[in-house]
6 protein chains.
Amino acid sequence: MSKKILMLVGDYAEDYETMVPFQFLLGVGYHVDAVCPDKKAGDSIKTAIHDFEGAQTYSEKPGHNFALNADFAKVNTADYVGLIIPGGRAPEYLRVNPRVLDIVREFNQVQKPIAAVCHGAQILAAAEIIEGKTVSAYPACAPEVRLAGGVYADIAIDDAVTDGHLVTAPAWPAHPQWLSQFLTALGAKVDLG
Amino acid sequence: MSKKILMLVGDYAEDYETMVPFQFLLGVGYHVDAVCPDKKAGDSIKTAIHDFEGAQTYSEKPGHNFALNADFAKVNTADYVGLIIPGGRAPEYLRVNPRVLDIVREFNQVQKPIAAVCHGAQILAAAEIIEGKTVSAYPACAPEVRLAGGVYADIAIDDAVTDGHLVTAPAWPAHPQWLSQFLTALGAKVDLG
Amino acid sequence: MSKKILMLVGDYAEDYETMVPFQFLLGVGYHVDAVCPDKKAGDSIKTAIHDFEGAQTYSEKPGHNFALNADFAKVNTADYVGLIIPGGRAPEYLRVNPRVLDIVREFNQVQKPIAAVCHGAQILAAAEIIEGKTVSAYPACAPEVRLAGGVYADIAIDDAVTDGHLVTAPAWPAHPQWLSQFLTALGAKVDLG
Amino acid sequence: MSKKILMLVGDYAEDYETMVPFQFLLGVGYHVDAVCPDKKAGDSIKTAIHDFEGAQTYSEKPGHNFALNADFAKVNTADYVGLIIPGGRAPEYLRVNPRVLDIVREFNQVQKPIAAVCHGAQILAAAEIIEGKTVSAYPACAPEVRLAGGVYADIAIDDAVTDGHLVTAPAWPAHPQWLSQFLTALGAKVDLG
Amino acid sequence: MSKKILMLVGDYAEDYETMVPFQFLLGVGYHVDAVCPDKKAGDSIKTAIHDFEGAQTYSEKPGHNFALNADFAKVNTADYVGLIIPGGRAPEYLRVNPRVLDIVREFNQVQKPIAAVCHGAQILAAAEIIEGKTVSAYPACAPEVRLAGGVYADIAIDDAVTDGHLVTAPAWPAHPQWLSQFLTALGAKVDLG
Amino acid sequence: MSKKILMLVGDYAEDYETMVPFQFLLGVGYHVDAVCPDKKAGDSIKTAIHDFEGAQTYSEKPGHNFALNADFAKVNTADYVGLIIPGGRAPEYLRVNPRVLDIVREFNQVQKPIAAVCHGAQILAAAEIIEGKTVSAYPACAPEVRLAGGVYADIAIDDAVTDGHLVTAPAWPAHPQWLSQFLTALGAKVDLG
């Protein structure tokens, strides 16, 4: 039976940060359930393209619609070996949903691997599970990491950091490092032959 | 000599939240200096349209370019009777600029009126001036207000709240209430005749 | 009881020229009824962003949806102390609506203050109330002002002009001057303390 | 030697209203010089897509860039057998250019065929050549036709009208009728065999 | 009774390549039936703006909605004197529709003029009617022309080529040449007087 | 020393189809060189969002800019263990570049794994390496596969097919299957523990 990962997404999640980890984990052999509060399997979320095009912060354009494949209301965290949280503008509003925070805390309680990229750290901060932990996040979210008692990891934009079961990274250029470290945290190994 | 207000903006500030307070304050008689880090009078910022179009959180589209009329590097807070901070996506990155935080703290130190709308509260939180204060913000930013020790005011989307010299509101529908309370905090009065 | 202003808008009204005067007048204490032909309170209009981005005339992008708060069909001009007409692309089509023209003429008849910005002057011209009057408008609309017998005021883009009860201006950079003169025409006064 | 037609365009001319007549006239055998004030052969104008998508007036989206093939500054009206004026948002600002109005008057003076579609009639009105003439235009421009002394032709959206050397039509759905009548005015004939 | 031309279009047909030939043929006197599989008269297709804006291939933006005026399901090729196929992204998917290919083959069988521009050649290739024929197409489609046994005509972007009853061209700048040659193939003549 | 994969991309490659395989292969441990004709490491390509939003074929919106990390001019196919070709609108124009076709043929010659998704098959067809091979492609490209002598695999949109060293799939929903089969073709194995 395949191992299952839970993915927490919402409207205006960053497009790459949603599809790359979703298809990466599927491609190496996990089952991934992508869920969003108040939505069911077959519903979709809108995504956003966050890119750097000359302004002092990222630009935003509309991305793909991303199809969910499981029901948020039916999530049982015991079914999953790990949790993954994409960034973009979804974490901002997802963090005020009590069930979202409970889900994160349940994974944290039993120390199952939790991966968050970019603004995904906003949910970790709101769930109050990063006190004393070294956590990466989109650089402009460093104040939130610190207000929640975390140690902000000031790493390169394409790097990631693992502190126990928490695997975090600053933004989508870090996907390879971040997903590689998440595989390690999950106990998986790749042999290129 | 006209009384001066300082306005802190940046790229992807919300379009309404930038122009409405700017022109409101000019229209009732203040001089307003709109500044952005690393920019000068005559430079412009890109703005963003944040609206509700059916998704679980706000949509974003490109807005007007907004022309700055003063140099950030030359700001002397002693020249101003109040500070105003628009929302949108600018406060997120402005809050990691040390001079931005110092400017906010200087206004706070001498209890000059400070008005912030929507994500503007992110700067107040990062400046650590809201401990024990009742503060409104975009609802999805409530966790940030609380992590910074503030009391999040759960008010209507078109309402505002004044706690001492801090005047805050959840989003642009609250502009009339917010700007009216800011005028009061500044000691101004309007007589409709 | 608060004094009421009537605001005439329509689809593709300019975004700033709709929201800035609406919230300015609310913020200083007026009640404002925003109406559009064939629409009711709670309906919305689409707005347009008109900006200058290097072409020989303004660019257009989609703006916010603007929510109306009163029914056009129920307008009784006797209820209002003044009329305000935003610009953009709405005045062009609103001017062929006979009731729109009648409303303008009723305010004009009793010399209640009428404020129009940018293309708003197209409605004043079509209502044939500007003969011999000094009127500002978006510069490209000067020929329309003149064809209607008005004296086109060739003023700066951020300036406004009052001729009797008519307060007009060329475009949104003029909002502060225009709204300040409109307050004066309405008999209001602001005391900054 | 081929017969030459002059075409007056500018930024944000309607995309269809620019390219369809340009290529129609070339395709049947005319030479067409497309010019814009302050631009030369090889420069381009931005065009606009005007369409009906549910609002009370047309929507606007960015269209193709349209390449000019002659210099405005070198126009000698004696070289041309007719003049054609597309619509969109270009005529609004072109009508305040004195040389544009002179060019129109020179064609009118010698009664060479002049074709205008949609907002193109704004230039005819500003040039003051439609007094007593039956002229079609975009319906929302009817007040301008009348203010200039013209008789507004209230015809179907896909119809056109010829009054002497003036051939006018309400919008791009009328291109076939409008261009056919323009051919007739120019003395051309098509034999389908 | 007017002579009829059939036009095969679909979603994301190029905007110019749809409307210019449609209105050109109407304007010179043909009746044109524009049809799309699974659609009827009064339905519309979305079009695409294909332009060159600095990238190595064309950019795409949304164009006008184009209204169909006949039912695909009712097409009887015997009713038409010629067939015209616009380009853009529609031909790619239309070529897998068996009835589309049959329609093309029926015109080809009786050697009635067939005009295709840009990606329209993809349908000619899929219908397998270009073996040994000299055919123009969008340059990047040359491999498809050759795979189907056609001789790719490497002509200028604004030129067209006629080989028997096939009239083809590389892209919309070629419309005048292409439509002129199509008129010739149809036996029509224009006399400019 | 890490094993290297070559990735062939170009302007308006599909956004997901570019970044997902790029980061998937990096994440499992390969080095990936992404190249585009006439571009170097550090240059970027524009990408396109291809999605299904109700029309008869995919919609297109602008995607992220994708940064290349190697020089096309320096490609030596002997350095790589495999080749990967994303889809979108890039393959259409890349297939007319002789060096692109040579690169594909060099991988094919020595039977190194070649993966192509969606329109990527257009390059395989133009390189004439699919005669008798079972190949998947975007369904609308089936005629091109067949014209080139390939056997079009009519599989589900999220499935992939391997025929010898060729691994192909219809579109981005198939990434997990496609990339998993590509890993197999490369001799790699994943152990989830």
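Both backbone and side-chain heavy atoms feed into the values below; hydrogens, waters and symmetry mates do not. Proteins get letters first, then strands, A, B, ... in listed order; numbering begins at 1 in each.
In terms of heavy-atom pairs under 4.5 Å with chain E, the best-connected choice from F/A142, F/G10, F/C141 is F/C141.
When heavy atoms are compared at a cutoff of 4.5 Å, F/P139 approaches chain E solely by way of its backbone atoms N, CA, C and O. Contact annotation for F/C36: only side-chain heavy atoms (C-beta onward) come within less than 4.5 Å of a heavy atom of chain E.
Here E/F182 pairs with nothing under the ring pair (Phe, Tyr, Trp, His ring centres under 6.0 Å) rule; sequence neighbours left out.
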Donor-acceptor pairs between chain F and chain E under 3.5 Å, which ones?
residue: F/D11; atom: OD2; partner: E/Q56; partner atom: N; Å: 2.8
residue: F/P37; atom: O; partner: E/Q56; partner atom: NE2; Å: 2.9
residue: F/Q56; atom: N; partner: E/D11; partner atom: OD2; Å: 2.8
residue: F/Q56; atom: OE1; partner: E/Y93; partner atom: OH; Å: 2.6
residue: F/Q56; atom: NE2; partner: E/P37; partner atom: O; Å: 2.9
residue: F/Y58; atom: O; partner: E/R89; partner atom: NH1; Å: 3.0
residue: F/Y58; atom: O; partner: E/R89; partner atom: NH2; Å: 2.9
residue: F/Y58; atom: OH; partner: E/E92; partner atom: OE1; Å: 3.0
residue: F/R89; atom: NH1; partner: E/Y58; partner atom: O; Å: 2.9
residue: F/R89; atom: NH2; partner: E/Y58; partner atom: O; Å: 2.9
residue: F/E92; atom: OE1; partner: E/Y58; partner atom: OH; Å: 2.9
residue: F/E92; atom: OE1; partner: E/H119; partner atom: NE2; Å: 3.4
residue: F/E92; atom: OE2; partner: E/H119; partner atom: NE2; Å: 2.6
residue: F/Y93; atom: OH; partner: E/Q56; partner atom: OE1; Å: 2.6
residue: F/R95; atom: NE; partner: E/A140; partner atom: O; Å: 2.9
residue: F/R95; atom: NH1; partner: E/E144; partner atom: OE2; Å: 3.1
residue: F/R95; atom: NH2; partner: E/A140; partner atom: O; Å: 2.9
residue: F/R95; atom: NH2; partner: E/E144; partner atom: OE2; Å: 2.6
residue: F/H119; atom: NE2; partner: E/E92; partner atom: OE1; Å: 3.4
residue: F/H119; atom: NE2; partner: E/E92; partner atom: OE2; Å: 2.6
residue: F/A140; atom: O; partner: E/R95; partner atom: NE; Å: 3.0
residue: F/A140; atom: O; partner: E/R95; partner atom: NH2; Å: 2.8
residue: F/E144; atom: OE2; partner: E/R95; partner atom: NH1; Å: 3.1
residue: F/E144; atom: OE2; partner: E/R95; partner atom: NH2; Å: 2.6

